[in-house]
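Here, residue 1 is the first one in the sequence, and each next residue gets the next number. Just so you know, ligand 1 is whichever comes first in the structure, and atom 1 is the first atom listed for that ligand. Side-chain atoms are counted along with the backbone in the values below, which use heavy atoms only and exclude waters and symmetry mates.
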Amino acid sequence: MNEGIKEILRKPIQYLKGVGEARARLFNRLGIFTIDDLIKYYPRDYEDRGNLKKIIQLADGESCAFQGVIATAVTESRPRKGLSIYKLLIKDETGAIIATWFNQHYLKNIFKVGESYVFYGKISRKFRSFEVQSPVFEKVNKDGMKNTCRIVPVYPSTAALSQNIFRAAVSNALVLVSGKLEDALPIHIRTNYKLCEINYCVSNIHFPATVEDFNNSRFRLAFEELFILQLGLLSIKNSLQQEKEGIKFKPVDEVRQFIEELPFKLTSAQKKVFGEIEADMESNKVMNRLVQGDVGSGKTIVAVLALFKAVKNGYQGTLMVPTEILAEQHFKSIAPLLEQYGIKTALLTGGQSKKQKEHILQQIKNGCIDAVIGTHALIEDNVQFEKLGLVITDEQHRFGVRQRAKLSKKGDNPDVIVMTATPIPRTLALILYGDLDISIIDELPPGRKPVKTYIAESSMRDRVNNFIRKKVGEGRQVYIICPLVEASEEVDAKSAMETAKRIAAKDFRDLKVGLIHGKMKHKEKEEVMREFVEGRIDILVSTTVIEVGVNVPNSTLMVIENAERFGLAQLHQLRGRVGRGEHQSYCILYNESQSDISRQRMQVMEKTNDGFVISEKDLELRGPGEFFGTRQHGIPELKIANLYKDMDILKTAQKAALELLEQDPLMERPENKKLKDLIFQHFKDKLKHLSLN
Ligand code: ADP
Ligand code: MG
């Protein structure tokens, strides 16, 4: 029996009744190759064709199902060439309605007067016309109805593969597997979390008997999906921690002195997070910790404290950031702090001269340098550390798992911190970074004035330009951000090159306009940045290269062109470049889109400066697919659960996963074996990734 079901599930779809070779190819294109694929291909929607109404009850604009008797033969009219309209009168004991179809010649021979049919379609009831347009229909058959008289699934399909064919295929597949599917969820999990049995769920997710059956089934399948995801991520985390003996750093008294002498007092959030880091460092587990904190929350200093502690324990530490501009800025602010305490600090970037680099590499290798701040240049093969104990990556969403792992391999199980300003709702962070522990700096340093944000339209350009001029007149500096580097034929949006040229020649002829974008050479970028930092540029036109970390407190106004083209999280990052000094800062968003969603998104930016609120709103307005952009995170795709709507299920699944792993960390108990197999199946790729470690 066991072998039986496995074989059935593996069977190619073409052997399914009603499919065959040609249709199988159409299914293949949707990623469906086997019976198993087909039953796991869930409907995208449902139509309630089960609730049969009387003709008199049919309301205008609703999609309804009703049963009636064919009262007249089909009539045909041809109001113009190429258009044939077919009409049919249907009656029940309460009234009559006309069904209308266009160009469906075959209908003439189908309906016979006196026969009973069920129809489903959108009702239009206006003045004297009472119609249902292009309804779905099925002859009443006492042996059961497939396409009407029930809740009917709608599959994400193609035109060539009609819903009726799809439903028939699924229905035939269900007949083959019905009652034989084995439940991967152990009975204690099902009992504790009130989850229905698998055969019932698979059947009801496709053809729900009632709305309640659907809800039960969906709940269980979404739970299962999230549960497996969590179990997978948690097992990875456990195995990382168990396999490897980490460094046990000792407490360092000088850290307190270092904190005392900082030019500011740490916020309590910074203290809390550094406390979590210290606890990890002092344990012999390998630290894998994500530090999340909004733009400006002061993540850098927390990283510096950790570096300090590592170095004072006789280890080297490194901080990797995604851009050279940022590396240089960090180096300039961090090196003096550390050097006061005798910690030798160096900068390593791709833009340095060969000679410079060789010198630094030598010193990193022989241990003369204690702390290194750098870019991707750090992960190159020629970089060797004498005794690397701590690896920190900033803005980690820019780095892949591989890059992080490559840097870690330069030490002997060093502790790892990743820092990000991308505000991800906590529950989502738990999914995306289930393999990391999470710390959140949820407080900004005192005295920050929130950036004032306004939405503008193109008709307001003169006013905005006057405002720019006024701010420059007060001695401030301005960013103008454009989505494109250069003008494009395909994309109708402002480019940095054109904008810089235009305003330098026209609107702001008398001011100093600078330009920076990702296609410029390192040296050129650096030169422009230096001029801006030193106040020799009034208006800097830029692409999103400026997004990450750049700190010029005197710039207090940011104008963003085509703001509708950016994600809200990205707008929030960009906006974080202003509001860094004592002066009130402003952000102006040009919205060139007329859509409601766009307007709502811009209004979110106007209303709040809280990165977490913004990311939740973005998720709500655009959905998780777009929120995550390209699938760079490497988490398995979800088939049924929805990261936004199923937060509650996610939390429950997470709790269940933690409990299970506590009782059976390696999932060795017989009742958990099926789960373990499933996890291996789902995490094959991810596990491959991590074996690089
Ligand atoms: P982010 O979290 O965006 O990386 P930074 O670490 O760059 O933020 O900090 C932003 C600014 O706030 C820096 O100029 C930093 O010196 C300053 N800062 C950090 N912590 C505090 C604090 N506790 N009090 C006052 N200013 C702080
Ligand atoms: Mg930062």
| Which of the numbered atoms in ligand 1 are below 4.0 angstrom from a heavy atom of K265? | 22 (C), 23 (N), 24 (N)

| field | Shortest heavy-atom approach to atom 10 (C) of ligand 1 - which of R448, Q270, K299 | value | R448

| query | For ligand 1, is any non-hydrogen atom under 4.0 Å from D294's backbone (N, CA, C, O), its side chain (CB onward), both, or neither? | reply | backbone

| Any side-chain heavy-atom pair from L650 and Q230 closer than 4.5 angstrom? | yes

| Which is closest to atom 8 (O) of ligand 1 by heavy-atom distance: A303, G298, S333, G576? | G298

| query | Judged by atom type as modelled, is there a donor-acceptor pair below 3.5 Å linking the side chain of E282 to the main-chain atoms of K248? | reply | no

| field | Proximity flag G296 to ligand 1, non-hydrogen atoms under 4.0 Å | value | yes

| query | Near L266, which atoms of ligand 1 are under 4.0 Å from a heavy atom of that residue? | reply | 23 (N)

| Looking at residues at least two apart in the chain, or sitting in another chain, which of them share a side-chain contact (heavy atoms from CB on, under 4.5 Å) with T556? | K471, R476, H583, S585

| query | Is the backbone of F532 close enough, under 3.5 Å, to the side chain of Q477 for a donor and an acceptor to pair up by distance? | reply | yes

| remark: To the nearest 0.5 Å, atom CG of L326 lies from atom OG1 of T300 at 8.0 Å

| said: Out of all atoms in ligand 1, which are within 4.0 Å of some heavy atom of S297? Include the element for each. | reply: 2 (O), 8 (O)

| query | Who passes side-chain contact (heavy atoms from CB on, under 4.5 Å) against A310, sequence neighbours left out? | reply | F249, M281, L390

| query | Any idea which atoms of ligand 1 are less than 4.0 Å away from a heavy-atom of T267? | reply | 23 (N)

| Plane angle bin for Y454 and Y586 - parallel if under 30°, tilted between 30 and 60°, otherwise perpendicular | parallel

| remark: The answer for which part of T300 has a heavy atom under 4.0 Å from ligand 1 is both

| request: Run the numbers for me: atoms of ligand 1, each under 4.0 Å from some heavy atom of V295, listed by number. | output: 3 (O)

